[in-house]
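Counting starts at 1 for both ligands and their atoms, in listed order.
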Amino acid sequence: MMAAYAAAKRGQTVRLYEKNEKLGKKIFITGKGRCNLTNGCEVEDLFANVVTNEKFLYSAFYGLTNRDVMELFEGWGCRLKVERGNRVFPVSDKSSDVIAAIAGAIRRAGVEIHLNEEVSSLELRGGRCVGVRMKGQKRPVEADAVIVATGGLSYPTTGSSGDGYRFAAEAGLAVTECLPALVPFEVLEDDAKELQGLALKNIEATVYNGKKVLYREFGEMLFTHFGVSGPVLLSASSYAAKALKKGPLSLSIDLKPALSGEQLDARILRDFEEAKIKQFKNALNHLYPQKMIPVIIARSGISPEKRVNEITREERQALVRATKDFRLTLTGLRGYNEAIITQGGVSVKEIDPSTMESKKVPGLYFAGEVLDLDAVTGGFNLQIAWATGYAAGMSAGE
Ligand SMILES: Cc1cc2nc3c(=O)[nH]c(=O)nc-3n(C[C@H](O)[C@H](O)[C@H](O)COP(=O)(O)OP(=O)(O)OC[C@H]3O[C@@H](n4cnc5c(N)ncnc54)[C@H](O)[C@@H]3O)c2cc1C
(Lines give C-alpha, C1' and ligand atoms only; values in the text may rest on other atoms or scores of the structure.)
Protein backbone atom coordinates (compact mmCIF):
# COMPACT_ATOMS: atom_id res chain seq x y z
CA MET A 1 0.00 0.00 0.00
CA MET A 2 2.82 2.41 0.84
CA ALA A 3 4.63 1.42 -2.35
CA ALA A 4 1.47 1.99 -4.41
CA TYR A 5 0.97 5.36 -2.75
CA ALA A 6 4.52 6.52 -3.48
CA ALA A 7 4.47 5.36 -7.11
CA ALA A 8 1.08 6.99 -7.73
CA LYS A 9 2.32 10.24 -6.19
CA ARG A 10 5.04 10.15 -8.83
CA GLY A 11 2.28 10.36 -11.40
CA GLN A 12 2.30 6.74 -12.52
CA THR A 13 -0.62 4.46 -13.25
CA VAL A 14 -0.54 2.00 -10.37
CA ARG A 15 -2.49 -1.21 -9.95
CA LEU A 16 -2.52 -2.90 -6.56
CA TYR A 17 -3.43 -6.60 -6.53
CA GLU A 18 -4.60 -8.00 -3.21
CA LYS A 19 -5.81 -11.58 -3.07
CA ASN A 20 -7.95 -10.96 0.02
CA GLU A 21 -11.38 -9.39 -0.09
CA LYS A 22 -10.04 -6.30 1.66
CA LEU A 23 -6.82 -4.36 2.23
CA GLY A 24 -4.58 -4.67 5.26
CA LYS A 25 -5.89 -7.84 6.87
CA LYS A 26 -2.65 -8.29 8.79
CA ILE A 27 -2.52 -4.66 9.89
CA PHE A 28 -5.96 -5.24 11.40
CA ILE A 29 -4.55 -7.71 13.94
CA THR A 30 -1.34 -5.81 14.71
CA GLY A 31 -0.69 -4.46 18.20
CA LYS A 32 -3.55 -6.55 19.60
CA GLY A 33 -5.96 -4.76 17.27
CA ARG A 34 -4.55 -1.31 18.07
CA CYS A 35 -1.72 -1.24 15.46
CA ASN A 36 1.61 -0.10 16.79
CA LEU A 37 2.42 1.49 13.44
CA THR A 38 5.90 2.81 14.16
CA ASN A 39 8.19 3.82 17.00
CA GLY A 40 8.75 7.41 18.09
CA CYS A 41 12.45 6.94 18.98
CA GLU A 42 15.26 9.00 17.45
CA VAL A 43 15.71 8.01 13.81
CA GLU A 44 19.21 6.64 14.44
CA ASP A 45 17.86 4.42 17.23
CA LEU A 46 15.66 2.54 14.76
CA PHE A 47 18.68 0.53 13.63
CA ALA A 48 19.48 -0.97 17.04
CA ASN A 49 16.00 -2.51 17.03
CA VAL A 50 16.50 -4.28 13.72
CA VAL A 51 17.58 -7.89 14.21
CA THR A 52 18.58 -8.84 10.67
CA ASN A 53 20.37 -6.67 8.06
CA GLU A 54 20.06 -3.30 9.77
CA LYS A 55 22.65 -1.71 7.46
CA PHE A 56 20.55 -2.47 4.42
CA LEU A 57 17.86 -0.19 5.87
CA TYR A 58 19.96 2.96 6.13
CA SER A 59 18.72 4.59 2.97
CA ALA A 60 15.10 3.43 3.35
CA PHE A 61 14.82 4.59 6.99
CA TYR A 62 16.22 8.02 6.17
CA GLY A 63 14.05 8.18 3.03
CA LEU A 64 10.89 7.69 5.09
CA THR A 65 11.70 8.10 8.76
CA ASN A 66 9.44 7.15 11.65
CA ARG A 67 8.65 10.88 11.98
CA ASP A 68 7.67 10.99 8.30
CA VAL A 69 5.39 7.98 8.81
CA MET A 70 3.69 9.74 11.71
CA GLU A 71 3.30 12.92 9.67
CA LEU A 72 1.82 11.02 6.72
CA PHE A 73 -0.77 9.22 8.84
CA GLU A 74 -1.67 12.37 10.79
CA GLY A 75 -2.02 14.15 7.45
CA TRP A 76 -4.38 11.42 6.30
CA GLY A 77 -6.58 12.12 9.32
CA CYS A 78 -5.37 9.37 11.65
CA ARG A 79 -4.41 11.05 14.93
CA LEU A 80 -1.59 9.33 16.76
CA LYS A 81 -0.30 8.99 20.30
CA VAL A 82 3.00 7.75 21.74
CA GLU A 83 2.95 5.20 24.54
CA ARG A 84 5.47 3.41 26.77
CA GLY A 85 8.65 2.45 24.92
CA ASN A 86 7.84 5.13 22.27
CA ARG A 87 5.28 2.83 20.70
CA VAL A 88 3.04 4.81 18.34
CA PHE A 89 -0.69 3.97 18.12
CA PRO A 90 -3.76 5.66 16.68
CA VAL A 91 -5.52 7.79 19.32
CA SER A 92 -8.66 5.73 18.65
CA ASP A 93 -6.80 2.48 19.54
CA LYS A 94 -8.30 1.00 16.36
CA SER A 95 -6.05 -0.60 13.75
CA SER A 96 -8.95 -0.17 11.31
CA ASP A 97 -8.30 3.59 11.40
CA VAL A 98 -4.72 3.02 10.23
CA ILE A 99 -5.97 0.88 7.35
CA ALA A 100 -8.70 3.40 6.48
CA ALA A 101 -6.14 6.23 6.47
CA ILE A 102 -3.74 4.61 4.03
CA ALA A 103 -6.52 3.06 1.94
CA GLY A 104 -8.07 6.52 1.57
CA ALA A 105 -4.70 8.00 0.62
CA ILE A 106 -4.04 5.47 -2.13
CA ARG A 107 -7.55 5.90 -3.53
CA ARG A 108 -7.12 9.67 -3.64
CA ALA A 109 -3.72 9.20 -5.26
CA GLY A 110 -5.50 7.32 -8.05
CA VAL A 111 -4.28 3.77 -7.39
CA GLU A 112 -6.48 1.13 -9.06
CA ILE A 113 -7.25 -1.35 -6.30
CA HIS A 114 -8.00 -4.91 -7.38
CA LEU A 115 -9.32 -7.03 -4.51
CA ASN A 116 -9.81 -10.81 -4.67
CA GLU A 117 -7.14 -10.97 -7.34
CA GLU A 118 -4.17 -13.24 -6.80
CA VAL A 119 -0.87 -12.93 -8.61
CA SER A 120 0.24 -16.41 -9.64
CA SER A 121 3.66 -15.58 -11.13
CA LEU A 122 5.90 -12.86 -12.46
CA GLU A 123 6.11 -12.23 -16.18
CA LEU A 124 9.81 -12.33 -17.04
CA ARG A 125 11.11 -11.57 -20.52
CA GLY A 126 14.60 -10.90 -21.80
CA GLY A 127 15.95 -10.79 -18.23
CA ARG A 128 13.46 -8.11 -17.16
CA CYS A 129 10.25 -8.21 -15.19
CA VAL A 130 7.55 -6.97 -17.53
CA GLY A 131 4.39 -7.75 -15.61
CA VAL A 132 2.52 -10.38 -13.64
CA ARG A 133 0.25 -13.31 -14.34
CA MET A 134 -3.02 -13.46 -12.48
CA LYS A 135 -4.62 -16.63 -11.22
CA GLY A 136 -7.34 -17.79 -13.61
CA GLN A 137 -6.33 -15.39 -16.40
CA LYS A 138 -4.56 -16.37 -19.60
CA ARG A 139 -3.00 -13.05 -20.55
CA PRO A 140 -0.37 -11.43 -18.37
CA VAL A 141 -0.80 -7.91 -17.02
CA GLU A 142 1.96 -5.84 -18.59
CA ALA A 143 3.85 -3.32 -16.48
CA ASP A 144 7.03 -1.22 -16.58
CA ALA A 145 7.77 -2.22 -13.01
CA VAL A 146 6.48 -4.76 -10.50
CA ILE A 147 6.77 -4.39 -6.72
CA VAL A 148 6.40 -7.60 -4.74
CA ALA A 149 5.10 -6.85 -1.21
CA THR A 150 3.51 -10.16 -0.34
CA GLY A 151 4.65 -10.35 3.30
CA GLY A 152 6.06 -13.39 5.08
CA LEU A 153 4.69 -16.72 6.27
CA SER A 154 3.33 -15.86 9.70
CA TYR A 155 -0.39 -15.83 10.47
CA PRO A 156 -1.20 -17.32 7.04
CA THR A 157 -4.91 -16.64 7.53
CA THR A 158 -4.15 -12.96 6.85
CA GLY A 159 -2.98 -13.80 3.34
CA SER A 160 0.74 -14.21 3.96
CA SER A 161 1.43 -17.49 2.25
CA GLY A 162 4.98 -16.82 1.14
CA ASP A 163 4.20 -16.35 -2.57
CA GLY A 164 6.86 -13.67 -2.85
CA TYR A 165 9.63 -16.13 -1.96
CA ARG A 166 8.54 -18.32 -4.84
CA PHE A 167 8.39 -15.32 -7.21
CA ALA A 168 11.94 -14.36 -6.19
CA ALA A 169 13.25 -17.90 -6.62
CA GLU A 170 11.60 -18.21 -10.04
CA ALA A 171 13.33 -14.97 -11.06
CA GLY A 172 16.67 -16.51 -10.02
CA LEU A 173 17.09 -14.54 -6.77
CA ALA A 174 18.51 -16.09 -3.60
CA VAL A 175 16.07 -16.55 -0.72
CA THR A 176 17.54 -17.21 2.74
CA GLU A 177 16.05 -19.83 5.06
CA CYS A 178 12.77 -18.70 6.63
CA LEU A 179 11.97 -19.23 10.32
CA PRO A 180 9.13 -18.10 12.55
CA ALA A 181 10.25 -15.26 14.86
CA LEU A 182 8.75 -13.07 17.55
CA VAL A 183 7.16 -16.32 18.57
CA PRO A 184 6.73 -18.14 21.93
CA PHE A 185 9.11 -20.90 23.05
CA GLU A 186 8.32 -24.47 24.02
CA VAL A 187 10.07 -25.71 27.16
CA LEU A 188 10.96 -29.12 28.51
CA GLU A 189 10.27 -28.79 32.24
CA ASP A 190 6.86 -29.84 33.52
CA ASP A 191 6.90 -27.44 36.45
CA ALA A 192 6.86 -24.50 34.03
CA LYS A 193 3.57 -25.80 32.68
CA GLU A 194 2.12 -25.67 36.21
CA LEU A 195 2.72 -21.92 36.02
CA GLN A 196 0.46 -21.58 32.98
CA GLY A 197 -1.26 -18.18 32.92
CA LEU A 198 1.22 -16.53 35.28
CA ALA A 199 2.47 -13.17 33.98
CA LEU A 200 5.60 -11.74 35.55
CA LYS A 201 6.75 -8.12 35.37
CA ASN A 202 10.27 -6.94 36.10
CA ILE A 203 12.15 -10.12 35.37
CA GLU A 204 15.43 -10.48 33.50
CA ALA A 205 15.65 -13.24 30.93
CA THR A 206 18.92 -14.57 29.54
CA VAL A 207 19.09 -17.11 26.73
CA TYR A 208 22.27 -19.21 26.62
CA ASN A 209 23.69 -21.37 23.89
CA GLY A 210 26.12 -23.32 26.10
CA LYS A 211 27.98 -20.50 27.82
CA LYS A 212 27.34 -17.94 25.10
CA VAL A 213 24.70 -15.31 25.87
CA LEU A 214 22.40 -14.99 22.85
CA TYR A 215 20.01 -12.53 24.43
CA ARG A 216 19.48 -10.72 27.72
CA GLU A 217 16.66 -8.34 28.51
CA PHE A 218 14.62 -6.96 31.35
CA GLY A 219 10.80 -6.83 31.15
CA GLU A 220 7.64 -8.91 31.16
CA MET A 221 7.00 -12.58 30.47
CA LEU A 222 4.20 -15.09 30.53
CA PHE A 223 4.02 -18.83 31.26
CA THR A 224 1.77 -20.79 28.89
CA HIS A 225 0.55 -24.38 28.61
CA PHE A 226 3.49 -25.20 26.30
CA GLY A 227 6.23 -22.91 27.56
CA VAL A 228 7.06 -19.23 27.78
CA SER A 229 5.91 -16.12 25.97
CA GLY A 230 5.41 -12.38 26.63
CA PRO A 231 7.34 -9.38 25.27
CA VAL A 232 10.84 -10.27 26.47
CA LEU A 233 10.68 -13.85 25.24
CA LEU A 234 9.09 -12.95 21.91
CA SER A 235 12.04 -10.65 21.28
CA ALA A 236 14.43 -13.36 22.51
CA SER A 237 13.05 -15.73 19.86
CA SER A 238 14.38 -13.48 17.09
CA TYR A 239 17.92 -13.91 18.42
CA ALA A 240 17.55 -17.59 19.29
CA ALA A 241 15.69 -19.00 16.29
CA LYS A 242 18.75 -20.07 14.28
CA ALA A 243 20.65 -21.64 17.21
CA LEU A 244 17.54 -23.42 18.43
CA LYS A 245 17.29 -25.28 15.15
CA LYS A 246 20.55 -27.03 16.05
CA GLY A 247 19.55 -28.08 19.56
CA PRO A 248 17.98 -27.00 22.87
CA LEU A 249 19.00 -23.73 24.53
CA SER A 250 18.96 -22.71 28.17
CA LEU A 251 16.81 -19.90 29.58
CA SER A 252 17.69 -18.33 32.90
CA ILE A 253 14.99 -16.18 34.50
CA ASP A 254 16.07 -13.82 37.24
CA LEU A 255 12.88 -13.31 39.25
CA LYS A 256 14.46 -10.57 41.39
CA PRO A 257 16.84 -8.70 39.07
CA ALA A 258 16.80 -5.54 41.23
CA LEU A 259 18.50 -7.42 44.09
CA SER A 260 21.95 -8.99 44.12
CA GLY A 261 22.26 -12.54 45.53
CA GLU A 262 23.41 -11.11 48.89
CA GLN A 263 20.62 -8.53 48.99
CA LEU A 264 18.06 -11.22 48.22
CA ASP A 265 19.48 -13.45 50.94
CA ALA A 266 19.23 -10.56 53.43
CA ARG A 267 15.67 -9.93 52.33
CA ILE A 268 14.77 -13.63 52.78
CA LEU A 269 16.39 -13.58 56.23
CA ARG A 270 14.26 -10.57 57.21
CA ASP A 271 11.10 -12.30 56.00
CA PHE A 272 12.08 -15.46 57.88
CA GLU A 273 12.74 -13.43 61.07
CA GLU A 274 9.17 -12.19 60.98
CA ALA A 275 7.80 -15.67 60.35
CA LYS A 276 10.09 -17.67 62.66
CA ILE A 277 7.79 -20.51 63.61
CA LYS A 278 5.91 -20.67 60.32
CA GLN A 279 6.46 -23.52 57.95
CA PHE A 280 8.61 -22.70 54.90
CA LYS A 281 5.63 -23.01 52.53
CA ASN A 282 3.77 -20.29 54.48
CA ALA A 283 6.65 -17.83 54.66
CA LEU A 284 7.06 -16.92 51.00
CA ASN A 285 3.96 -14.85 50.27
CA HIS A 286 5.83 -11.55 50.18
CA LEU A 287 8.48 -12.83 47.83
CA TYR A 288 6.66 -14.70 45.05
CA PRO A 289 3.28 -14.78 43.35
CA GLN A 290 1.07 -17.53 44.86
CA LYS A 291 1.30 -19.79 41.82
CA MET A 292 5.08 -19.70 41.89
CA ILE A 293 5.49 -20.79 45.51
CA PRO A 294 5.11 -24.60 45.15
CA VAL A 295 7.42 -24.58 42.13
CA ILE A 296 10.11 -22.51 43.87
CA ILE A 297 9.84 -24.71 46.96
CA ALA A 298 10.36 -27.85 44.89
CA ARG A 299 13.32 -26.28 43.10
CA SER A 300 14.93 -25.10 46.35
CA GLY A 301 14.94 -28.68 47.66
CA ILE A 302 13.77 -27.43 51.09
CA SER A 303 10.98 -29.39 52.74
CA PRO A 304 7.79 -27.28 52.56
CA GLU A 305 6.91 -28.26 56.14
CA LYS A 306 10.24 -27.24 57.61
CA ARG A 307 10.04 -24.41 60.15
CA VAL A 308 11.82 -21.34 58.80
CA ASN A 309 14.05 -20.96 61.88
CA GLU A 310 15.46 -24.42 61.05
CA ILE A 311 16.43 -23.53 57.47
CA THR A 312 20.19 -23.49 57.02
CA ARG A 313 22.35 -20.98 55.20
CA GLU A 314 23.01 -23.52 52.43
CA GLU A 315 19.31 -24.08 52.00
CA ARG A 316 18.71 -20.35 51.79
CA GLN A 317 21.36 -20.15 49.12
CA ALA A 318 19.57 -22.82 47.12
CA LEU A 319 16.44 -20.67 47.36
CA VAL A 320 18.40 -17.64 46.15
CA ARG A 321 19.72 -19.67 43.21
CA ALA A 322 16.25 -20.94 42.31
CA THR A 323 15.07 -17.32 42.32
CA LYS A 324 17.91 -15.59 40.53
CA ASP A 325 18.53 -18.40 38.07
CA PHE A 326 15.21 -20.06 37.39
CA ARG A 327 16.37 -22.38 34.61
CA LEU A 328 14.33 -23.76 31.78
CA THR A 329 15.28 -25.73 28.69
CA LEU A 330 14.04 -24.16 25.47
CA THR A 331 13.27 -27.02 23.11
CA GLY A 332 11.65 -25.27 20.17
CA LEU A 333 9.58 -22.42 18.81
CA ARG A 334 5.87 -22.36 18.18
CA GLY A 335 4.96 -22.26 14.50
CA TYR A 336 4.02 -19.63 11.95
CA ASN A 337 0.43 -19.57 13.19
CA GLU A 338 1.68 -17.83 16.32
CA ALA A 339 4.69 -15.98 14.93
CA ILE A 340 4.48 -12.22 14.56
CA ILE A 341 7.05 -12.22 11.80
CA THR A 342 9.14 -14.35 9.49
CA GLN A 343 12.91 -14.24 9.80
CA GLY A 344 14.69 -14.75 6.50
CA GLY A 345 13.43 -14.05 2.99
CA VAL A 346 14.62 -12.54 -0.28
CA SER A 347 18.34 -12.01 0.24
CA VAL A 348 19.19 -8.33 0.59
CA LYS A 349 22.37 -9.03 -1.38
CA GLU A 350 20.08 -9.27 -4.40
CA ILE A 351 18.51 -5.87 -3.80
CA ASP A 352 19.70 -2.28 -4.26
CA PRO A 353 19.09 -0.73 -0.81
CA SER A 354 18.22 2.71 -2.11
CA THR A 355 15.72 1.61 -4.76
CA MET A 356 14.59 -1.88 -3.60
CA GLU A 357 15.12 -3.04 -7.18
CA SER A 358 16.60 -6.44 -7.95
CA LYS A 359 20.22 -6.11 -9.03
CA LYS A 360 19.74 -8.97 -11.51
CA VAL A 361 16.26 -8.42 -12.86
CA PRO A 362 15.45 -4.83 -13.86
CA GLY A 363 11.85 -3.80 -13.27
CA LEU A 364 11.46 -6.13 -10.28
CA TYR A 365 11.21 -4.61 -6.78
CA PHE A 366 10.66 -6.07 -3.33
CA ALA A 367 9.41 -4.40 -0.15
CA GLY A 368 8.34 -5.33 3.37
CA GLU A 369 8.51 -8.61 5.20
CA VAL A 370 9.21 -10.65 2.06
CA LEU A 371 12.77 -9.30 2.32
CA ASP A 372 15.31 -10.83 4.71
CA LEU A 373 14.69 -8.09 7.29
CA ASP A 374 13.14 -8.28 10.75
CA ALA A 375 13.07 -6.30 13.96
CA VAL A 376 11.94 -6.62 17.56
CA THR A 377 8.49 -5.53 18.71
CA GLY A 378 7.69 -1.85 19.20
CA GLY A 379 6.46 -0.76 15.76
CA PHE A 380 9.77 -1.48 14.00
CA ASN A 381 8.49 -4.17 11.64
CA LEU A 382 5.82 -1.90 10.22
CA GLN A 383 8.42 0.88 9.99
CA ILE A 384 10.48 -1.50 7.84
CA ALA A 385 7.43 -2.21 5.68
CA TRP A 386 6.47 1.46 5.25
CA ALA A 387 10.05 2.61 4.56
CA THR A 388 11.01 -0.11 2.09
CA GLY A 389 7.59 0.20 0.42
CA TYR A 390 8.05 3.93 0.05
CA ALA A 391 11.55 3.51 -1.39
CA ALA A 392 10.32 0.90 -3.88
CA GLY A 393 7.34 3.03 -4.92
CA MET A 394 9.40 6.19 -5.34
CA SER A 395 12.05 4.52 -7.49
CA ALA A 396 9.73 2.31 -9.50
CA GLY A 397 7.64 5.42 -10.15
CA GLU A 398 10.60 7.42 -11.35
C1 LIG B 1 -0.34 -10.83 15.37
C2 LIG B 1 0.62 -9.82 14.76
C3 LIG B 1 0.81 -8.59 15.38
C4 LIG B 1 1.72 -7.68 14.85
N5 LIG B 1 1.84 -6.47 15.46
C6 LIG B 1 2.69 -5.56 14.96
C7 LIG B 1 2.78 -4.25 15.52
O8 LIG B 1 2.01 -3.89 16.42
N9 LIG B 1 3.71 -3.41 15.02
C10 LIG B 1 4.53 -3.76 13.97
O11 LIG B 1 5.36 -2.94 13.56
N12 LIG B 1 4.42 -4.96 13.36
C13 LIG B 1 3.52 -5.85 13.84
N14 LIG B 1 3.40 -7.07 13.21
C15 LIG B 1 4.23 -7.34 11.99
C16 LIG B 1 3.65 -6.61 10.78
O17 LIG B 1 2.26 -6.81 10.72
C18 LIG B 1 4.26 -7.11 9.47
O19 LIG B 1 5.67 -7.09 9.58
C20 LIG B 1 3.82 -6.22 8.29
O21 LIG B 1 2.42 -6.29 8.15
C22 LIG B 1 4.50 -6.63 6.99
O23 LIG B 1 3.96 -5.88 5.96
P24 LIG B 1 3.98 -6.37 4.44
O25 LIG B 1 3.24 -5.35 3.67
O26 LIG B 1 5.35 -6.72 4.05
O27 LIG B 1 3.17 -7.74 4.45
P28 LIG B 1 1.64 -8.07 4.85
O29 LIG B 1 1.14 -7.07 5.82
O30 LIG B 1 1.64 -9.50 5.23
O31 LIG B 1 0.86 -7.86 3.50
C32 LIG B 1 1.06 -8.69 2.39
C33 LIG B 1 -0.21 -8.69 1.55
O34 LIG B 1 0.04 -9.33 0.32
C35 LIG B 1 -1.07 -10.14 0.00
N36 LIG B 1 -0.62 -11.20 -0.91
C37 LIG B 1 0.25 -12.21 -0.63
N38 LIG B 1 0.44 -12.98 -1.69
C39 LIG B 1 -0.32 -12.47 -2.70
C40 LIG B 1 -0.54 -12.82 -4.07
N41 LIG B 1 0.07 -13.87 -4.62
N42 LIG B 1 -1.39 -12.07 -4.80
C43 LIG B 1 -2.01 -10.99 -4.25
N44 LIG B 1 -1.85 -10.61 -2.97
C45 LIG B 1 -1.00 -11.32 -2.21
C46 LIG B 1 -1.56 -10.66 1.32
O47 LIG B 1 -2.91 -11.07 1.25
C48 LIG B 1 -1.35 -9.47 2.23
O49 LIG B 1 -2.48 -8.66 2.33
C50 LIG B 1 2.46 -8.00 13.69
C51 LIG B 1 2.24 -9.22 13.05
C52 LIG B 1 1.32 -10.13 13.57
C53 LIG B 1 1.10 -11.42 12.86
Side-chain angles (χ1 to χ4, degrees), residues 1-5 15-39 46 49-52 66 69 83 85-90 93 95 98-99 102-103 113-122 132-137 141 146-168 170 180-184 229 231 234 238 334-343 345-346 356 366-390 392-393:
M1 287 190 278
M2 189 61 92
Y5 171 79
R15 301 197 186 98
L16 186 159
Y17 294 99
E18 167 56 64
K19 68 178 171 184
N20 286 329
E21 70 290 357
K22 56 184 170 209
L23 295 174
K25 256 193 164 176
K26 179 163 277 170
I27 297 177
F28 189 69
I29 60 165
T30 55
K32 299 202 171 106
R34 301 202 297 134
C35 188
N36 173 199
L37 72 162
T38 189
N39 192 282
L46 289 172
N49 291 283
V50 175
V51 178
T52 313
N66 44 351
V69 168
E83 293 192 359
N86 285 321
R87 290 169 152 83
V88 178
F89 291 94
D93 283 329
S95 57
V98 172
I99 304 168
I102 191 164
I113 301 170
H114 297 257
L115 299 174
N116 295 307
E117 291 192 41
E118 183 174 335
V119 175
S120 58
S121 63
L122 301 175
V132 291
R133 285 192 176 264
M134 305 304 299
K135 196 174 166 189
Q137 284 177 26
V141 180
V146 172
I147 302 171
V148 177
T150 47
L153 288 162
S154 46
Y155 278 73
T157 49
T158 62
S160 328
S161 44
D163 294 358
Y165 306 127
R166 177 169 57 80
F167 299 159
E170 285 169 1
L182 294 180
V183 63
S229 184
L234 290 181
S238 291
R334 302 292 278 180
Y336 283 113
N337 286 337
E338 293 170 56
I340 290 177
I341 46 148
T342 304
Q343 203 167 60
V346 177
M356 301 296 143
F366 290 85
E369 204 178 313
V370 70
L371 287 166
D372 181 14
L373 300 168
D374 65 283
V376 294
T377 60
F380 304 102
N381 284 297
L382 278 169
Q383 176 63 32
I384 291 176
W386 306 132
T388 54
Y390 190 78

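- Considering only non-hydrogen protein atoms, atom 9 (N) of ligand 1 sits nearest to Asn36 O, 2.9 Å.
- Counting only non-hydrogen atoms, the option in Met1, Glu18, Lys19 that gets closest to atom 49 (O) of ligand 1 is Glu18.
- Using a 4.0 angstrom heavy-atom cutoff, Thr158 counts as in contact with ligand 1.
- Proximity to Ser160 (heavy-atom distance under 4.0 Å) selects the following atoms of ligand 1: 30 (O).
- Atom 51 (C) of ligand 1 has as its closest protein heavy atom Ile340 O, 3.2 Å.
- Donor-acceptor pairing under 3.5 Å is recorded for the side chains of Gln343 and Asp374.
- Remark: side-chain polar atoms of Asn20 are paired, donor with acceptor, to backbone N or O of Thr158 under 3.5 angstrom.
- The shortest N/O to N/O separation between Tyr155 and ligand 1 does not fall below 3.5 Å.
- With distances taken over non-hydrogen atoms, the option nearest atom 8 (O) of ligand 1 out of Pro156, Gly162, Cys35, Gly31 is Gly31.
- Nearest protein heavy-atom neighbour of atom 42 (N) of ligand 1: Val119 N, 3.0 Å.
- Residues Ile99 and Cys35 are not in side-chain contact: their nearest non-hydrogen atoms beyond the backbone lie 4.5 Å or more apart.
- Under a 4.0 angstrom heavy-atom cut-off, Glu118 registers as being in contact with ligand 1.
- In this structure, Val141 and Tyr17 have side chains that are in contact, with non-hydrogen atoms separated by less than 4.5 Å.
- Taking atom 27 (O) of ligand 1 as the reference point, the nearest protein heavy-atom neighbour is Gly151 CA, 3.2 Å.
- Gly379 counts as a contact of ligand 1, since one of its heavy atoms falls under 4.0 Å from the ligand.
- Under a 4.0 Å N-O distance rule, the pair Arg34/Glu83 qualifies as a salt bridge.
- Closest to atom 11 (O) of ligand 1, if we only count protein heavy atoms, is Leu382 N, 2.7 Å.
- By the 4.0 Å heavy-atom criterion, Glu117 is counted among the residues contacting ligand 1.
- Which parts of ligand 1 touch Ala385 is read off a 4.0 Å heavy-atom cut-off, strictly below it: atoms 23 (O).
- For ligand 1 and Tyr17, the ligand atoms under 4.0 Å from any heavy atom of the residue are 43 (C), 44 (N).
- Close contacts between ligand 1 and Gly368 involve ligand atoms 26 (O) [criterion: under 4.0 Å to a heavy atom].
- Side-chain contact check for Thr38 versus Leu382: every heavy-atom pair is 4.5 Å or farther apart.
- For Ser154, the heavy-atom gap to ligand 1 stays at 4.0 angstrom or more.
- Side chain of Thr52 to backbone of Asp372: no donor-acceptor contact under 3.5 angstrom is found.
- Residue Asn20 has at least one heavy-atom neighbour below 4.0 Å for each of these atoms of ligand 1: 47 (O), 49 (O).
- Of the residues Leu373, Asn49, Ile341, the one that meets the side chain to side chain contact (heavy atoms under 4.5 Å, CB included) test with Phe380 is Asn49.
- Minimum interatomic distance between Leu115 and Glu21 (heavy atoms only, all atoms of both residues): CD1-O, 3.2 Å.
- The option from Gly159, Gly164, Ala149 that lies nearest to atom 32 (C) of ligand 1, judged by heavy atoms, is Ala149.
- Here the protein heavy atom with the shortest distance to atom 18 (C) of ligand 1 is Glu369 OE1, 3.1 Å.
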- Please lay out, stage by stage, how Ser229 and Glu338 fare under the test side chain to side chain contact (heavy atoms under 4.5 Å, CB included). CA-CA 11 Å; Ser229 184; Glu338 293 170 56; over 6 Å; no

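- Protein heavy atom at the shortest distance from atom 40 (C) of ligand 1 is Asp163 OD2, 3.6 Å.
- Contact annotation for Ile341 and ligand 1: only side-chain heavy atoms (C-beta onward) come within less than 4.0 Å of the ligand.
- Ranking the protein heavy atoms by distance from atom 17 (O) of ligand 1 puts Thr30 CG2, 3.2 Å first.
- Residues Tyr155 and Ile29 come closest through the heavy atom pair CD2-CD1, 3.5 Å.
- Of all heavy-atom pairs spanning Ala375 and Leu182, the tightest one is O-CD1, 3.5 Å.
- Contact annotation: the side chain of Thr377 approaches that of Arg87 to within less than 4.5 Å [non-hydrogen atoms, C-beta and beyond].
- Nearest approach of Gly164 to Val148, heavy atoms of both residues: CA-CG1, 3.9 Å.
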